[in-house]
Amino acid sequence: MKKPRVIYWFRIDLRLHDSPALKAALDLEPAAFWPIFTWDPHYVYRARGGSNRWQFLLDCQNDLSNSITKLNPKSKLFVLREAPQSLLPKLFKAWKVTHLVFEKDTDAYAIERDNAVTKAAEEAGVKVIVRSGRTLWDSQEIVKQHGGKPTMSITQLQAAGNRIGPVRKPIPAPNHIPDPGEMPLDFVQDQPVTKPDVNAERRSESDTGYHSIAGPNGDFAVETLEELGLPAATTPHRGGETVALKMLAEIVADTKYLATFEKPKTSPAQFEPQSTTLLSPFFHFGALSPRLLYWRAEEAAKAYGKGASSPPVSMTGQLLFRDMYFAAHAALGPVFTQTAKNPYCRFIPWHLPSKRDPETGLVTGEYHVDSKQADDWLKRWRNGMTGFPWIDALMRQLKHDGWIHHLGRHSVACFLTRGGCYIDWERGCEVFEEWLLDHEPACNAGNWQWLSCSAFFSQYFRCYSPIAFGQKWDKQGELIRRWVPELKDLDAKYIYEPWKAPISVQKKAGVRVTGDGLSTEPGAGSGTYPKPMFDFSERRQVCIAALKTAYDVGLHGADAPVLDGTWRDMFPSDEHAEIQGRFLSDDDGEGADNGHVEEAHAGDGAASGDKRTAGKAAAEKPKKKQKTMADYVISTRK
DNA sequence: CTGTGTGTTGCCTCC
DNA sequence: TGGAGGCAACACACA
């Protein structure tokens, strides 16, 4: 029998411990064993990401490479710069490979890529071994156990999981890595298609990553940010399995913290140290196995006994949610990360809706500017210049550190969508995709659908206040003082609402609340902080009314009217510009707040006035004619 | 079909 | 200062 010559293809599993795929590869007792990473242009040019996340990836690769070398000085993580679809078939031949082993990846592009590579391997007579290892349970198995449908609640996920069986116990890291074989590169390198490059605007220099397969020194080294033409990262959070295991050990040492963890009770305002584990970026790159945290948490709960928390709020609950989103994504495929063509995502005619490819129906990354004002609001939200210090602090922390607390994400996401700006959740999703270290397509899209009340969650009248919610956790506004230095000397009484501070108080604090938040840069430099971009309570009412209308219409992303544009006929016309996603009344600028639209109608005597009227009307079955927004606004205002 | 219980994490007021 | 209740009320699973 031919001795196995094995390529282990690392992708989203940058670790040695608890890797079922790696174990399967080593169990072959290879005569030659190549741990490789393909620097894939499809990923490099299509995955939106800033320097922070690229650096975290490079950290993980470097750490893994060092760990491999520690087990075998002849080996390391060999990085090859070419698309795996073209490269691997050449390697099969040149290196006389018998087996290709990798961890299962259920992301949209990954499935396409792995199918192509698997087909090529079969044609070359190379045996492919795939193992699930990224989630508690195999996501595709969960889908199967859930009747082929996406898991849309934690109980559904748990039920499907129970049918599969207990979460598998962690596998120890290997203590031996076989030698690599010869690595001839006597073939032509396929040059990548480098355009379009979604990260072009983030590169300060040109990308030289593809000049040769084995890198600039021909030694298969891990890439560098310089090579990629990216500026230095700003985040203090660094990657790698070694760091992850050290952080995990510290968490495990605190049995009480781990056993009694309740996510909703952890503070989004706490920093240095943060109130949660910060392990999510390691899960994203596979530097830490979720099953390891799962079983450590179970053990801690057992040791702690009575008083331990349980899902969904417990630590294991957090991991279950992750599995839920992965399985939902696995069931629906690429449409899970968008509204259009997604039968489980409610259609709400937000501002700034995505443009779609007419062929595939998939979003292109561009959007329609139906409202100049909404586009300005999006810019200000992204820049941390909304004029709401709590929101701005979180957005600046997110941009700089690549991480904010889960409840902070709730706060800013609600604000952008159903609780303020009424902007498409896909716009926010893209910003998180760029900035989050732990960005996971499934979890990100799932959480944005949740917060925008498009799927998973529907109580749109529960609205995060950009003022009260932060105050609940941080009376003194410490998080704001840290991230919005303009306001660092402002009295706590005004720190969440600086526009209410008398001029004398502003003077004393060395800040003027003025400007539109677009013409100045964030920071203490100008001595100013922008005025709030709208009256929150007015916007809250506009949004609730608009959400109510959309719920009454009851369309979902895969419905024909959504795809052919006739949805417009199903929404009340004339006065309801906002909820039609074609609000354009800000042409002549000058404080043309959307609130005015509603004020006008509030005065035209249409409303019945009683809170219960709105409630009863809503309880009645499908209405030809919905209650008008003005009715609702008045009745809720009472 | 109808009713009921549940759903990770709202805000405000009151005591 | 923190917990309970009111607010007005959706979607889904399940009986």
Side-chain angles (χ1 to χ4, degrees), chain A residues 146-147 149-160 260-270 275-276 297 309-325 328 343-346 348 390 404-415 417-420 443 446-447 449-473 475 496 536-537 540-541 543-556 609-622 626-627 631-638:
Chain A
H146 192 55
K149 291 180 300 189
T151 43
M152 298 302 285
S153 74
I154 210 68
T155 44
Q156 289 176 353
L157 183 275
Q158 284 174 303
T260 65
F261 183 89
E262 290 182 52
K263 186 65 159 278
K265 290 188 179 166
T266 59
S267 169
Q270 196 181 312
S275 62
T276 50
S309 55
S310 43
V313 294
S314 64
M315 195 68 81
T316 53
Q318 311 313 304
L319 293 166
L320 292 171
F321 275 109
R322 182 173 174 274
D323 262 49
M324 176 186 84
Y325 288 131
Y344 287 80
C345 183
R346 205 169 265 288
I348 298 160
W390 169 250
I404 54 175
H405 185 278
H406 192 63
L407 290 178
R409 301 181 195 193
H410 278 210
S411 219
V412 300
C414 181
F415 183 87
T417 58
R418 67 180 170 86
C443 300
N447 276 315
Q449 288 172 49
W450 187 301
L451 264 299
S452 63
C453 285
S454 303
F456 300 101
F457 183 72
S458 54
Q459 288 173 265
Y460 51 76
F461 44 86
R462 287 191 188 170
C463 196
Y464 287 84
S465 161
I467 296 136
F469 186 71
Q471 280 172 332
K472 184 168 116 187
W473 302 98
K475 288 261 184 304
Y496 285 86
F536 169 69
S537 68
R540 180 180 173 274
Q541 303 210 356
C543 287
I544 288 175
L547 268 282
K548 177 171 168 44
T549 304
Y551 268 65
D552 285 344
V553 172
L555 287 171
H556 288 79
D610 192 325
K611 279 174 193 168
R612 284 185 180 78
T613 314
K616 264 190 206 139
E620 280 156 26
K621 273 287 141 175
Q626 281 82 27
K627 271 197 109 39
D631 290 340
Y632 191 78
V633 168
I634 287 204
S635 60
T636 52
R637 228 173 239 175
K638 192 94 188 278

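So that the names make sense, note that chain A is the first sequence line, chain B the second, and so on, each numbered from 1.
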Base-paired stretches in DNA chain C with three or more consecutive Watson-Crick or G-U pairs, both distances under 3.5 Å, amount to B:2-7 with C:10-15, B:10-15 with C:2-7

For A/Arg409, give me all partners under salt bridge (Lys or Arg N to Asp or Glu O under 4.0 Å), at least two apart in sequence or on another chain.
A/Asp438

I'd like to check the salt bridge (Lys or Arg N to Asp or Glu O under 4.0 Å) partners of A/Lys475; sequence neighbours left out, ordered by chain and number.
none

Mapping A/Tyr551 and A/Arg462 onto DNA chain C by nearest heavy atom, which one lands closer to the 5' end?
A/Arg462

Can you tell me how far [atom2] of [N] sits from [atom1] of [X], to the nearest Å?
X	N	atom1	atom2	result
A/Lys265	B/dT9	NZ	P	13 Å
A/Leu319	B/dT8	CG	C1'	13 Å
A/Lys263	B/dT8	NZ	P	13 Å
A/Leu407	B/dG10	CG	C1'	11 Å
A/Trp473	C/dT1	CH2	C1'	15 Å
A/Phe461	C/dC7	CZ	P	13 Å
A/Arg418	C/dC10	CZ	P	14 Å
A/Ile544	C/dC7	CD1	C1'	11 Å

How long is the gap from SG on A/Cys543 to CZ on A/Phe461, to the nearest 0.5 Å?
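CZ of A/Phe461 is found 15.0 Å from SG of A/Cys543.
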
Quick one: are the ring centres of A/Phe321 and A/Phe456 less than 6.0 Å apart?
no

N/O to N/O distances under 3.5 Å, protein versus nucleotides 11-15 of chain B:
from   : atom 1 : to       : atom 2 : distance (Å)
B/dC11 : OP1    : A/Ser465 : N      : 2.6

Choose from C/dA11, B/dT9, B/dT8 the nucleotide whose nearest atom is closest to any side-chain atom of A/Ser458.
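That would be C/dA11.
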
Partner set under side-chain hydrogen bond (donor to acceptor under 3.5 Å, both in side chains) for [X], not counting sequence neighbours:
X	result
A/Asp323	none
A/Gln156	A/His146
A/Ser314	A/Thr316
A/Ser267	none

For the side chain of A/Arg540 and the backbone of A/Gly419, is there at least one donor-acceptor N/O pair under 3.5 Å apart?
no

A/Gln449 (side chain) donor-acceptor with A/Cys345 (main chain) under 3.5 angstrom
no

Using atom P in both nucleotides, what's the gap between C/dC7 and B/dT8 to the nearest angstrom?
25 Å

Suppose you measure atom C1' in C/dA13 against the same atom in B/dC1; what distance do you get, rounded to whole Å?
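Each nucleotide's C1' atom is 15 Å from the other's.
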
Just jot down the ring-ring contact (aromatic ring centres under 6.0 Å, His included) partners of A/Phe536, sequence neighbours excluded, or say none.
none

Can you sort out the partners of A/His410 under ring-ring contact (aromatic ring centres under 6.0 Å, His included), two or more places apart, ordered by chain and number?
A/His406, A/Tyr464

For A/Trp450, which contact category applies under a 4.0 Å heavy-atom criterion: base, sugar-phosphate, or nothing?
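Base: the residue A/Trp450, judged by heavy atoms under 4.0 Å, touches a nucleobase.
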
Could you list, one pair per line, each protein nitrogen or oxygen that sits under 3.5 Å from a nitrogen or oxygen of nucleotides 12-15 of chain C, together with the distance?
from   : atom 1 : to       : atom 2 : distance (Å)
C/dA13 : OP1    : A/Gln156 : NE2    : 2.9

